[in-house]
Chemist: 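Dropping the structure in here first, questions after.
As the structure lists them, so they are numbered: ligands from 1, and atoms in each ligand from 1. In what follows, residues are counted from 1 in the order of the sequence shown. Only this structure's heavy atoms are used, side chains among them; waters, hydrogens and symmetry mates stay out. Just so it is clear, the structure is predicted and the values come from calculations on it, not from any experiment.
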Amino acid sequence: MTDSNQNKIIIAIDGYSSCGKSTIAKEIAKKLNYIFIDSGAMYRAVTLYCLRAGVVVNGEINLPVLQESLKKIRITFVFNPLTAHNDVCLNGENVEQEIRQLAVAQNVSQIAAIAAVRQLLVAQQQEMGRSKGIVMDGRDIGTVVFPSAELKIFMTADARIRAQRRYDEMIAKNEPVDFDEILKNINERDRFDETREESPLRKAADAIVLDNSHMTRDEQFEWILSKVEERVF
Ligand code: DC
């Protein structure tokens, strides 16, 4: 390890969907001059590949074709000077926008539940953390990817509050929305993440819970930063 890495740690942020994990993880990484990796973006990029390659047809996954496809998938990140964050690339193509589309969102949970997909991505994620100085968010970062991470945070918020935040975001973008639909979708995703066989969403025994139901972004930022300081100095 180089001198500059001596005090650097690994920060694992896991938790439920729509809790604002990536937003806060990005801010913390920027403040600490750490690398931020959105592990969900990696599962989304694999899903995009599968949709394009016809691995998923009408919601059905062709497992033998998927196994073959995994050999051809290379996920990397490239710094985007406009946003000052890393965009995800699929075989060299920047797909940061495309992975947020509905078709990807509708199929990613299924793809992320497949053991071979997780093995491939977990190995890459572990490699990215070799020099520490990384903030990674996801579902299994503190439990599977970096079980020895110096700081593990488990983020949660009341489902109705998460739904309201998502609803407000969509209304601001003039997208047609129904609050009950959003809430139902959040509850379904929580259940799926917690009950899947492969690396289900769990709080690591040594993770600290951040319930941000009634916290501002600044309060969350300061809270996490104080936990980092306890571990680094
Ligand atoms: O955080 P997100 O919504 O972008 O995640 C997309 C999907 O990937 C979601 O179904 C959960 C899954 N995921 C996972 O299984 N493990 C991770 N480390 C990150 C995301």
Chemist: Could you tell me the residue and atom name of the protein heavy atom closest to atom 7 (C) of ligand 1, and the distance to it rounded to 0.1 Å?
Modeler: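 The closest one turns out to be Val108 CG2, 3.6 Å.
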Chemist: For atom 16 (N) of ligand 1, what is the closest protein heavy atom, and at what distance to 0.1 Å?
Modeler: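 The closest one turns out to be Arg118 NH2, 2.9 Å.
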Chemist: Please determine if Lys71 and Glu68 form a salt bridge, counting it only when a charged side-chain N lies under 4.0 Å from a carboxylate O.
Modeler: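 Salt bridge: yes.
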Chemist: Between Lys203 and Asp211, is there a side-chain N and carboxylate O pair less than 4.0 Å apart?
Modeler: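 Answer for the salt bridge query: no.
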Chemist: Is Asp14 salt-bridged to Arg139, cutoff N-O under 4.0 Å?
Modeler: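 Looking at Arg139 together with Asp14, the answer is no, because their closest N to O distance does not fall below 4.0 Å.
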Chemist: What part of Arg44 sits under 4.0 Å from ligand 1 if we count only heavy atoms: the side chain, the backbone, both or neither?
Modeler: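 The answer is the side chain of Arg44.
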Chemist: Show which atoms of ligand 1 fall inside a sub-4.0 Å distance from at least one heavy-atom site of Gly40.
Modeler: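 Counting from 1, the qualifying ligand atoms are 4 (O), 5 (O), 19 (C), 20 (C).
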Chemist: Hey, are Arg166 and Glu169 close enough for a salt bridge, meaning a charged N less than 4.0 Å from a carboxylate O?
Modeler: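 Salt bridge present between Arg166 and Glu169.
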Chemist: Measure the distance from atom 19 (C) of ligand 1 to every protein heavy atom, then report the residue, atom name and distance (to 0.1 Å) of the closest one.
Modeler: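 Answer, as residue, atom name and distance: Ser39 OG, 3.3 Å.
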Chemist: Tell me, which protein residue and heavy-atom name are nearest atom 10 (O) of ligand 1, and how many Å apart are they?
Modeler: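 The protein heavy atom lying closest is Ser109 OG, 3.4 Å.
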Chemist: Given Trp223, which partner from the list Asp218, Asn212, Ile153 fulfils the side chain to side chain contact (heavy atoms under 4.5 Å, CB included) test?
Modeler: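 Considering Asp218, Asn212, Ile153, a side chain to side chain contact (heavy atoms under 4.5 Å, CB included) with Trp223 is found only for Ile153.
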Chemist: Give the residue, atom name and distance (to 0.1 Å) of the protein heavy atom nearest atom 12 (C) of ligand 1.
Modeler: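 Here the closest protein heavy atom is Ala112 CB, 3.8 Å.
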Chemist: Please confirm whether Met136 comes under 4.0 Å of ligand 1, counting heavy atoms of the residue only.
Modeler: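 It does not; every heavy atom stays at 4.0 Å or beyond.
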Chemist: Quick one: does Gln125 get within less than 4.0 Å of ligand 1, heavy atoms only?
Modeler: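 For ligand 1, residue contact (heavy atoms, under 4.0 Å) with Gln125 is absent.
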Chemist: Below 4.0 angstrom, N of the basic side chain to O of the carboxylate: do Glu27 and Lys30 qualify?
Modeler: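 No, no charged N to carboxylate O under 4.0 Å.
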Chemist: Would Arg100 count as a polar contact of ligand 1, with the cut-off being nitrogen or oxygen pairs under 3.5 Å?
Modeler: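 Arg100 vs ligand 1: no N/O contact under 3.5 Å.
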Chemist: Look only at interatomic distance and state if Arg139 has a nitrogen or oxygen under 3.5 Å from any nitrogen or oxygen of ligand 1.
Modeler: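 In this structure, Arg139 places an N or O atom under 3.5 Å from an N or O of ligand 1.
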Chemist: Hey, does Lys21 come in under 3.5 Å of ligand 1, counting only N/O atoms on both sides?
Modeler: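 No.
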Chemist: Is there a side-chain contact between Ile114 and Leu63, using heavy atoms and a 4.5 Å cut-off?
Modeler: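 Yes, their side chains come closer than 4.5 Å.
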Chemist: Should you measure from each heavy atom of Arg196, which atoms of ligand 1 turn up under 4.0 Å away?
Modeler: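 Here the atoms of ligand 1 in question are 14 (C), 15 (O), 16 (N).
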Chemist: How many angstroms lie between atom CZ of Arg162 and atom CG of Asn185, to the nearest 0.5 angstrom?
Modeler: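 If I round to the nearest 0.5 Å, the distance is 10.5 Å.
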Chemist: Checking side chain to side chain contact (heavy atoms under 4.5 Å, CB included) against Tyr167, which of Ile182, Leu183, Asp178 comes through?
Modeler: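 Of the listed residues Ile182, Leu183, Asp178, the side chain to side chain contact (heavy atoms under 4.5 Å, CB included) partner of Tyr167 is Ile182.
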